[in-house]
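One structure is given here, and the rest of the page talks about it.
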Amino acid sequence: MGEKLLDNQQVNLVLEFSDALRNYGWAEGFWSPWQSNQLLRDLTGQQIVSKDNAKTLENLRQALGNYKENITQIQGYMDFANSYDMLFARTIESYVNSLSFDLQVICENAYSKEEYSSDEYIADKKRINEFLLKFDYKKEFRNVVQQVLLRETYYTWFRKTKWGNKGMKFALQIMPQDRCMLTGYWEKGLLYDFDMSYFLMAGTDIDGYDPSFKKYYNRVFSGKSSIGDYRPTNPLKDRDGFYAMWTQTSPEDGAWAFKFNTSDFTSVPFLAPSLKNALSNDQIEKMQYDKDMAEAYAILAGEIETFDTAKSGTQSDQTVFKPNTLGGFMAKAKSGLNNTTKLAAMPLKNLKWYQFEDKNADMYTNHLANSAAVSTGLSRVIYSTDRMSNAEIEAAMNETYQTMKPLYYQFSNFMEFFANKLTKKYKFKFIFDGATYNYDKNARFDKLLKLADKGIVLAPSAWASAIGMNPVLFENSLLESKGTNWTKNLQLL
């Protein structure tokens with residue numbers, strides 16, 4: 001009988017470990033830091049790996065040729081180009097950086113001085129202020145803009161988390177993008193379904209998502225609900241249908257999708273057509289490099305002299321030098337030349353210098369300029385060999401801002417939906433405005449000053465928006481200034 005390698009306790013431990021590897025529940029299973037990291041990286045989709053840029057460019061052209069059937073692939077190329085081509089990455093950033101996310105808050109249903117001084121208004125205004133302090137809307141929405149430019153549609157979840165004695169905090173959670181699908185819309189935005197088979201994958205933890213996902217999990221896998229409950233037109237409070245492993249989600253639970261172009265439901269990114277130019281930049285750069293290397297080399301060559309007339313002991317086409325003598329001259333001449341110069345023969349008649357001449361030395365520079373121009377009006381700010389006038393720069397900035405400004409309406413709808421769920425009686429309007437460019441900031445501030453000169457003084461949040469401050473922090477700053485009376489410390493110089 002063979003040697004006993006494991007005792008009963010060790011066997012049981014191995015079986016328990018094996019069972020843990022196979023079973024992934026809500027609070028049990030096997031996890032590792034590598035799995036967690038991979039799942040985080042995969043939230044925005046699978047990556048494109050390119051070993052042959054020419055083949056990648058051809059595959060891209062084919063994908064764009066049938067864009068409605070290759071959305072995931074095109075989104076992968078967007079992410080690849082953003083990491084592969086610096087000019088494309090800067091173009092993306094130029095669009096993202098155009099929005100300043102300045103916010104103005106106005107009460108919609110208070111009409112008298114008595115209402116503004118009532119306990120109900122003060123309480124509701126306090127709830128709105130707490131929301132604005134606990135939700136970093138500028139950071140969160142900037143992330144949204146980055147993703148809608150890369151993916152066109154971006155699926156998120158509005159999370160409410162309580163951290164000990166610090167109170168409630170609000171944030172947008174990134175959803176696994178390839179497990180979400182647009183299935184409807186309503187007056188404030190888009191609706192999507194979620195593939196619950198995601199939580200059957202190794203390493204996933206349902207506790208990392210909103211508690212409502214446990215409700216969805218039970219709905220899909222308990223077998224108690226009927227597939228007939230799935231209706232695209234279910235109202236928000238009744239979006240509890242499922243089909244196979246896809247379940248409906250609702251903004252009432254926190255589901256929210258953003259989209260760059262809300263006029264259709266195809267998730268092809270806005271800058272997808274410029275991918276062809278971005279991915280060809282590398283090819284043109286290599287061609288220019290090869291030309292520059294060829295131009296760096298030269299050949300020194302001429303005619304090897306032969307006997308003009310036959311003499312005693314000579315043969316046809318015989319050179320005037322013996323081969324060993326000619327080789328010695330060649331070695332001496334070569335020792336005086338650098339590595340980038342090739343020697344054909346020496347000594348020679350009609351000695352000439354041969355070198356490649358680039359007839360299109362600006363090929364790569366011109367291509368980059370054209371590639372940038374395809375993507376944005378700010379192309380000459382991103383890459384240019386000349387200078388733009390102030391008028392040209394302002395016009396280009398305005399064109400970029402007007403392209404991005406419609407996203408503000410989606411952000412306003414988001415804020416109004418979730419913030420107004422916290423109030424009891426009064427409802428508030430959230431107005432996003434503003435570009436990061438000085439001409440826009442100056443124009444908006446000057447407009448408020450002109451209104452004030454005419455006796456029309458708007459509420460503090462309008463001034464906060466004009467100078468780029470959080471409305472709550474602006475009002476608190478005014479109160480602090482008044483309460484501390486710090487101006488008494490100022491002295492005239």
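- The ring pair (Phe, Tyr, Trp, His ring centres under 6.0 Å) test applied to Tyr67 returns no partner, not counting sequence neighbours.
- Using modelled atom types and a 3.5 Å distance limit, the side chains of Ser263 and Asn261 yield a donor-acceptor pair.
- Among residues two or more places apart in sequence or in another chain, the ring pair (Phe, Tyr, Trp, His ring centres under 6.0 Å) test is passed with Tyr116 by Tyr121.
- Donor-acceptor pairing under 3.5 Å is lacking for the side chains of Lys113 and Ser117.
- For Asp210 and Arg159, the salt-bridge test passes: some basic side-chain N is under 4.0 Å from an acidic carboxylate O.
- Using cut-offs of 30° and 60° for the angle between ring planes, the Phe411 and Phe141 rings count as parallel.
- Between Phe131 and Phe170, the two ring planes are tilted [angle within 30° to 60°].
- In summary, Lys125 and Glu120 do not engage in a salt bridge, as defined by a charged side-chain N under 4.0 Å from a carboxylate O.
- Ring pair Phe258/Tyr155: centre-to-centre distance not below 6.0 Å.
- Using modelled atom types and a 3.5 Å distance limit, the side chains of Gln75 and Gln177 yield no donor-acceptor pair.
- Between Trp256 and Phe417, the ring centre distance stays below 6.0 Å.
- Thr247 and Arg219 share a donor-acceptor pair across their side chains, judged by distance under 3.5 Å alone.
- Using a 3.5 Å distance cut-off with no hydrogens or angles, the side chains of Gln38 and Asp42 do pair a donor with an acceptor.
- For Phe194 and Phe213, the ring centers sit closer than 6.0 Å to each other.
- No option in Asp240, Asp253, Thr249 other than Asp253 meets the side chain to side chain donor-acceptor pair (under 3.5 Å) test with Tyr216.
- Taking the six-membered ring for Trp, Phe430 and Tyr137 have ring centres at least 6.0 Å apart.
- A donor-acceptor pair shorter than 3.5 Å can be found between the side chains of Tyr230 and Asp193.
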